[in-house]
Amino acid sequence: MKKPIITIKNLHKHFGELEVLKGINMEVRPAEIVVVIGSSGSGKSTLLRTINQLEEINEGEIWFDGEMVNKKQSYSKREKYLNKLRQHIGMVFQHFNLFPHLTALENITMAPKLLKKLSEKEALRIAERNLEKVGMLDWKDYYPSRLSGGQKQRIAIARALSMEPKVMLFDEATSALDPELVDEVNRVMKKLATENMTMIIVTHEMNFAKDVADRIVFMDEGVVVEEGTPEEIFSNPKNERTRTFLFNYLNRGAL
Amino acid sequence: MSLDFSIVPSFLDMLFEGAMWTFFLTVLSIIFSLIFGTFFAIMQLSRYRLFKFFTRFFVWIFMGTPLLLQVYLIYFGLVQIGLNLNAFTAGVIALSLHFSVYNSDIIRSGIFAVDKGHFEASRSLGLSHSQTMRKVVVPQALHMVMPALGNMMIALLKESSLISIIGVMELTLSAQRAISETFHPFEFYVTAAAIYYIFNLMLEWAIKNVEARSAKYR
């Protein structure tokens, strides 16, 4: 088995009085697809955001590719380190967060040109390859305001991919989408999965989770309650809380 | 003495030259007031307390005192500490600084209005704080506050007439020269006002164009 690319040890995070993560332990290996499920407020988004340090943590350790990301250092050193770290960790957000003043293509080429000092031509080549991958090549000159939610999210995925990250984090990438647009984004994520991208996916789409995950992590109230293969979690959940969550999920809308 | 606009054309050369100086005075001051305004806005949002405090103090001084006094101080006052500026330079400095502090507050409010998610998305790609500011936040902020900045530019154009008091031969002073030769104040003040108005129409047109450019992505 390959060495983990991400290791999380005894991670604690609180916002003021509110403790959001209460001692998380987790490992992610290269090319593994980990799907984190759980109800709103269970801390799954926060967990994801601590990995690229959009959230600082209060206790514990996060290791990425053999280095501890939450090590103490001077402000300027740490900023430099984080900027480097984040180039290796792509992130896709619930609300897309495309830059509205740039076209789809410019959204994608900006970071590689600035940070990897790529030429216009080279950046364009990478961008077009990724636009092709997400099926948005024909839309490259559109401003985000002209695109549908699903299209925006696919551009956002292409933007993250263009830094050629080692890991991709998906923070409820389909939660803000109309139901009929969810599939086009999930299809892109599945495609990435077949290309051996390492991914951590936070989602509310259980069918998608079952389909794509190597491993499911179920979180509740800031702890990992249960983890296992999709079969283990969905067919034979051991923990009472997992069972309740899945039961409620399956029966939603049943009223 | 009755109104006689027929004397105006013989002074058009003079008024035209004055108008050119008003034009340069205004354009230079607008450019500098925007550059300094953006700079002060970013400084006020700096994480360094000293920068923040210093800029805030500076903004407070320039907002809280009359432009006229600032013009006098920069032109006459600075001579005493060995800074001998010509009148035009002093005028540009006074107008730029005076309007930059207003612009900085406008731009600051624009920065606050930019979605925090865009900031995070940019940082998650590996852009530094300052790269994020320059490439993502400030461009959006400027587009958002363009109408308000446009108003400040129009105000600046009109306030540039104040610079006549330190002897810059701009439009207002040119009109005054013509009046002192002809004793026809009404005709020349009206003509000068008309020229200011035409300048403002041009300025408004330019601002509209910039706004239209940002409208395409709304």
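This is a predicted model, so every value here is computed, not measured. We name chains A, B, ... by the order of the sequence lines, and we start the count at 1 in each one.
Residues of residues 114-134 of chain A that come within less than 4.5 angstrom of chain B, heavy atom to heavy atom, are A:Leu114, A:Leu115 in numerical order. The contact list for residues 120-127 of chain B toward chain A, using heavy atoms and a distance under 4.5 Å, reads B:Glu120, B:Ala121, B:Ser122, B:Arg123, B:Ser124, B:Leu125, B:Gly126, B:Leu127 by residue number.
Ranked by heavy-atom pairs under 4.5 Å with chain A, the first of B:Gln131, B:His118, B:Lys135 is B:His118. Comparing A:Asn52, A:Thr103, A:Leu98 by heavy-atom pairs within less than 4.5 Å of chain B, the highest count is held by A:Leu98.
A cation-pi arrangement is present between B:Arg47 and A:Tyr75, with the terminal nitrogen or guanidinium carbon under 6.0 Å from the aromatic centre and inside a 45° cone about the axis.
Classified by interplanar angle (parallel below 30°, tilted 30° to 60°, perpendicular above 60°), the ring pair B:Phe58/B:Phe54 is parallel. Note: B:Phe76 and B:Tyr72 have tilted aromatic rings, judged against thresholds of 30 and 60 degrees for the angle between ring planes. In this structure, A:Phe99 and A:His101 have tilted ring planes: the angle between them lies in the 30° to 60° band.
Under 3.5 Å, the side chains of B:Tyr75 and B:Thr89 contain no donor-acceptor pair of N or O atoms.
Put simply, the side chain of A:Glu67 never gets that close to the backbone of A:Val69: no donor and acceptor are under 3.5 Å apart. Remark: the backbone N or O of A:Thr50 is paired with a side-chain donor or acceptor of A:Gln53 at under 3.5 angstrom.
Of the two parts of A:Leu169, neither the backbone nor the side chain holds a non-hydrogen atom closer than 4.5 Å to a non-hydrogen atom of chain B. Heavy-atom distances place both the backbone and the side chain of A:Arg159 under 4.5 Å from chain B.
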Could you please spell out the steps behind the side chain to side chain donor-acceptor pair (under 3.5 Å) verdict for A:Ser45 and A:Asp171?
CA-CA 6 Å; A:Ser45 280; A:Asp171 186 8; 2.6 Å; yes
Decide salt bridge (Lys or Arg N to Asp or Glu O under 4.0 Å) for A:Arg29 and A:Asp65; before the verdict, give the C-alpha distance in whole Å, the side-chain angles of both, and the deciding distance to 0.1 Å.
CA-CA 10 Å; A:Arg29 285 166 208 286; A:Asp65 214 7; over 6 Å; no
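More than 12 heavy-atom neighbours from other residues, nucleotides or ligands sit within 6.0 angstrom of CD on A:Glu164.
Between B:His129 and B:Phe119, the distance separating the two ring centers is shorter than 6.0 angstrom.
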